**Q** 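Take a look at this one; I'll ask things after.
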Amino acid sequence: MHIDPLERKWLYVAFSITGLFLGVILFDALIHGIHAPSHVETIDSARLHLSEEFAEDKLGVSVNADGSVTVRMVAGRYGFFPKHITVPAETPLTFRWASIDVLHGVHMPMTNLSTMIVPGYVSELHTMFPKPGLYPMLCNEYCGLGHDHMWSNVEIVAKQDWPGEITEKVGVAQ
Ligand code: CUA
């Protein structure tokens, strides 16, 4: 099949650009640990307060048997609940969010924690924070007039200073 040299040249350019984009995506996914938030787990948003996992007394930070930590939060206009959580640094963390009303986003600046919270779905992500500090957890999807004020505090403490690991194994709700 004959391909005009100029056309062939542009084919190379198009494939190179596609390859570059794929490379950037793979680099972010594998080196920076950034992944798509496609955790397809459904939940009835209207019955969150009655559901097992996202009932009010189940929210917050809990320690799993293997020492990893799970954080359960509800997003609703206008806040993430609980409003303040404390988690250990250098520990595998699983965050699980459910929206009580509309579409929200969640983002912690200077970390790789960022995802959408879609009503009807549980958003889950896994991360690990390298060092202690105080961080805001911000909403980054416009959700109404109070969107600018939708945030909560995350306190990351050094692993050895974290009381949850020593004293309790399950249900360290805060
Ligand atoms: Cu919630 Cu913006």
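All values below come from the heavy atoms of this structure, side chains included, with hydrogens, waters and symmetry mates left out. Just so you know, residue 1 is the first one in the sequence shown, and it goes up from there. Both ligands and their constituent atoms are indexed starting at 1 by order of listing. All values derive from a computational prediction rather than experimental measurement.
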**Q** Is any side-chain heavy atom of Glu41 less than 4.5 Å from a side-chain heavy atom of Arg96?
**A**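 Counting from C-beta outward, Glu41 and Arg96 do come under 4.5 Å.
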**Q** Enumerate the residue pairs fulfilling ring-ring contact (aromatic ring centres under 6.0 Å, His included) with a member in residues 3-26, sequence neighbours excluded, ordered by first and then second residue.
**A**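 Every candidate ring-ring contact (aromatic ring centres under 6.0 Å, His included) pair involving residues 3-26 fails, so no pair, neighbours aside, qualifies.
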**Q** If we only count heavy atoms from C-beta on, is the Tyr121 to Ser45 side-chain gap below 4.5 Å?
**A**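 No, every pair of side-chain atoms sits at 4.5 Å or beyond.
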**Q** So, at under 2.8 Å, which protein N, O or S atoms would a careful student list around atom 2 (Cu) of ligand 1?
**A** Cys139 SG, Glu141 O, Cys143 SG, His147 ND1
**Q** Under 6.0 Å between ring centres: does that hold for His147 and Tyr78?
**A** no
**Q** If you look at every heavy atom in Ala89 and Pro132, which pair is closest and at what distance?
**A** CB-N, 4.2 Å
**Q** Would you call the rings of Tyr135 and Phe129 parallel, tilted or perpendicular, where under 30° means parallel and over 60° means perpendicular?
**A**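 Tyr135 and Phe129: parallel rings.
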